[in-house]
Trainee: 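This is the structure I want to talk about, given as structure tokens.
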Amino acid sequence: MTEPTHEITPMAIDYLNVDSLFAAEELKVRERVRSFVDARIRPNINAWYEAARFPRELARELGELGVLGMHLRGYGCPGRSAVEYGLAMLELEAGDSGLRTFASVQGSLTMSAIHKFGSEAQKERWLPGMAKGELIGCFGLTEPDAGSDPSRIQTGARLEGNYWVLDGRKRWIGLASIADIAVIWARTEDGIRGFLVPTSAPGFTATVIEPKLGMRASIQCEITLKQVRVGRESLLPGVTGLKGPLACLNEARYGIMWGALGAARDSYEAALAYALRRHQFDRPIASFQLTQQKLVDMVLEIQKGLLVAVHTGRQKDAGTLRPEQISFGKLNNVRQAIAICREARTLLGGNGITLDYTPMRHANNLEAVRTYEGTDEVHTLIMGRAITQIPAFA
Ligand SMILES: Cc1cc2nc3c(=O)[nH]c(=O)nc-3n(C[C@H](O)[C@H](O)[C@H](O)COP(=O)(O)OP(=O)(O)OC[C@H]3O[C@@H](n4cnc5c(N)ncnc54)[C@H](O)[C@@H]3O)c2cc1C
């Protein structure tokens with residue numbers, strides 16, 4: 001390989017000047033998270049990924065950075081806008097989807113469940129410590145036999161005197177083996193309810209799912225609940241039914257719409273830099289028309305995805321965003337991001353299959369991202385229902 005012969009211009013990075021759509025304060029948040037990723041994630045991610053290790057020690061640092069429960073207000077939460085939250089997720093995922101997933105599970109799923117549906121006492125007890133990254137939470141909805149259709153969950157909770165007793169299994173639950181508290185969604189006589197279950201409760205077991213081929217710097221577990229007894233005050237009082245967990249999933253899906261673009265941008269930048277310095281047939285491979293077409297296609301989709309994200313974020317901040325509009329961004333941006341990462345990998349040739357380059361790691365991570373928080377198919381069905389008014393789920 002020879003030395004770089006061409007510069008990467010600002011236009012190559014932000015072709016349409018999408019940055020002009022952000023306020024100075026929003027760009028400051030982005031810069032802060034980007035610097036953190038450069039200093040703390042990029043130098044270490046290969047080792048974490050290879051060892052399949054989630055760096056637990058980063059939780060407090062991410063708390064200090066202000067990205068845990070970022071868009072929630074009060075109770076020690078940062079109270080930032082939806083757009084700032086999105087920009088932060090994008091930068092984190094440019095480092096690795098696993099780290100963005102941590103922020104999503106902690107903030108968008110678990111903290112938002114407590115924030116939306118918890119009692120004052122529950123909010124005071126858990127949210128400040130979780131915002132600081134001192135306490136870790138997980139969100140247990142999916143089960144071995146209930147994934148895309150969470151209305152089929154079997155985990156049950158029954159009242160026995162002053163206690164709720166929970167029995168069942170959960171699968172794919174992020175962070176469960178290191179969490180202090182689990183939000184467990186369970187079936188009761190009144191319908192699906194949420195419970196705050198300390199992971200130290202007798203009968204609660206979390207077993208890490210491994211080995212995984214993607215999302216390796218991130219923990220997912222199978223949870224078993226065997227006659228787990230929690231006090232009556234463990235019930236989240238604010239919601240009954242599936243709309244509770246679905247409201248939290250919407251928060252996470254919104255963040256993913258932005259996050260996936262971070263993985264895409266990082267892969268594109270890696271491929272562009274490589275294409276400019278790698279010579280074959282006595283020329284930089286960036287000079288070939290076929291290479292330029294690949295790079296142009298990446299830029300088109302990254303920039304379009306960003307416009308979708310900004311517009312969706314502005315609507316969220318205005319309080320006018322509808323859940324089916326989040327499906328547009330999640331479906332489109334993750335689908336395009338995985339295609340970009342894979343295409344970026346081709347430009348790196350053989351070197352692209354090593355951990356020295358980021359695109360294949362990002363692509364492998366995005367296999368999980370396109371599956372969780374609603375698969376491509378589920379978001380297609382949500383959009384199909386919104387367009388036709390006909391549900392086609394079953
Ligand atoms: C890395 C990772 C982290 C996760 N973290 C969490 C977490 O923290 N908490 C949590 O509760 N869950 C979590 N999940 C679970 C995740 O939400 C589920 O994996 C997801 O909902 C899909 O469920 P499933 O894997 O059971 O697949 P299934 O629902 O079995 O789907 C299998 C395939 O069938 C398709 N399919 C299903 N129904 C239809 C239909 N009606 N029409 C067409 N196609 C259909 C799906 O799209 C998919 O392609 C996580 C998953 C992963 C991989």
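Each ligand, and each atom within it, is numbered from 1 in the order the structure gives.
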Trainee: To check your reading of the model: name the closest protein heavy atom to atom 3 (C) of ligand 1, its residue, and the distance in Å.
Mentor: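 Going atom by atom, the protein heavy atom closest to atom 3 (C) of ligand 1 ends up being Tyr372 CD2, 3.3 Å.
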
Trainee: Looking only at non-hydrogen atoms, which of Ala392, Gly214, Gly147, Gly140 approaches atom 24 (P) of ligand 1 most closely?
Mentor: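 Nearest option to atom 24 (P) of ligand 1, by heavy atoms: Gly147.
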
Trainee: Knowing that exactly one of Thr142, Leu381, Thr375 qualifies, which makes a side chain to side chain contact (heavy atoms under 4.5 Å, CB included) with Ser148?
Mentor: Thr375

Trainee: Who's the nearest protein heavy-atom neighbour of atom 19 (O) of ligand 1, and how far?
Mentor: Thr371 CG2, 3.8 Å

Trainee: For atom 13 (C) of ligand 1, find the nearest protein heavy atom and state the residue, atom name and distance (0.1 Å precision).
Mentor: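 For atom 13 (C) of ligand 1, the nearest protein heavy atom comes out as Trp172 O, 3.0 Å.
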
Trainee: Ignoring hydrogens and angles, state whether a donor on the side chain of Asp190 or Thr188 is under 3.5 Å from an acceptor on the partner side chain.
Mentor: no

Trainee: Apart from Leu213 itself, what residues make up its hydrophobic cluster, given side-chain heavy atom links below 4.5 Å?
Mentor: none

Trainee: Kindly indicate whether a cation-pi arrangement holds for Lys316 with Tyr254, taking the cut-offs as under 6.0 Å to the six-membered ring centre and within 45° of the axis.
Mentor: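 Cation-pi check for Lys316 and Tyr254: passes.
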
Trainee: In the protein, what heavy atom is nearest to atom 45 (C) of ligand 1, and what distance, to one decimal place, separates them?
Mentor: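 Its nearest protein heavy-atom neighbour is Glu377 CB, 4.3 Å.
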
Trainee: Please work out, at 4.0 Å between heavy atoms, whether the side chain, the backbone, both, or neither of Thr375 comes within that distance of ligand 1.
Mentor: side chain

Trainee: Quick one: SG on Cys138 to CG on Leu109, what's the gap to the nearest 0.5 Å?
Mentor: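 Between Cys138 SG and Leu109 CG, I get 10.0 Å after rounding to 0.5 Å.
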
Trainee: Which residue is it: Trp185, Phe139, Phe204, Trp164? I am looking for the one with a ring pair (Phe, Tyr, Trp, His ring centres under 6.0 Å) to Phe195.
Mentor: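 So, applying the ring pair (Phe, Tyr, Trp, His ring centres under 6.0 Å) to Phe195 and each of Trp185, Phe139, Phe204, Trp164, only Trp164 qualifies.
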
Trainee: Counting only non-hydrogen atoms of the protein, does one fall under 4.0 Å from atom 49 (O) of ligand 1?
Mentor: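 So atom 49 (O) of ligand 1 has protein heavy-atom neighbours under 4.0 Å.
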
Trainee: Go through the structure and list residues passing ring-ring contact (aromatic ring centres under 6.0 Å, His included) with Tyr372, not counting sequence neighbours.
Mentor: none

Trainee: Would atom 6 (C) of ligand 1 count as contacted, meaning some protein heavy atom under 4.0 Å?
Mentor: yes

Trainee: Short list, please: which atoms of ligand 1 are under 4.0 Å from a heavy atom of Ala368?
Mentor: 1 (C)

Trainee: Do the side chains of Lys28 and Glu84 get close enough for a salt bridge, i.e. N-O under 4.0 angstrom?
Mentor: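 Looking at Glu84 together with Lys28, the answer is no, because their closest N to O distance does not fall below 4.0 Å.
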
Trainee: Considering only non-hydrogen protein atoms, determine which one is nearest to atom 41 (N) of ligand 1 and report residue, atom name and distance to 0.1 Å.
Mentor: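 Sorting protein heavy atoms by distance from atom 41 (N) of ligand 1 puts Phe393 O, 2.8 Å first.
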
Trainee: For atom 35 (C) of ligand 1, decide whether some protein heavy-atom distance is shorter than 4.0 Å.
Mentor: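 No, no protein heavy atom sits under 4.0 Å from atom 35 (C) of ligand 1.
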
Trainee: Do His379 and Glu324 get their side chains close enough for a donor-acceptor pair, meaning under 3.5 Å?
Mentor: no

Trainee: For ligand 1, does Lys170 get within less than 4.0 Å through its side chain, its backbone, both, or neither, judged by non-hydrogen atoms?
Mentor: neither

Trainee: Return the CG to NZ distance between Asn332 and Lys304, rounded to the nearest 0.5 Å.
Mentor: 8.0 Å

Trainee: Distance to 0.1 Å, residue and atom name: give those for the protein heavy atom nearest to atom 15 (C) of ligand 1.
Mentor: Thr142 OG1, 3.2 Å

Trainee: Which residue supplies the protein heavy atom nearest to atom 31 (O) of ligand 1, what is that atom called, and how far is it?
Mentor: Ser148 OG, 3.7 Å

Trainee: Of all the non-hydrogen atoms in the protein, which one sits nearest to atom 39 (C) of ligand 1, and at what distance?
Mentor: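 That would be Leu381 CD1, 4.7 Å.
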
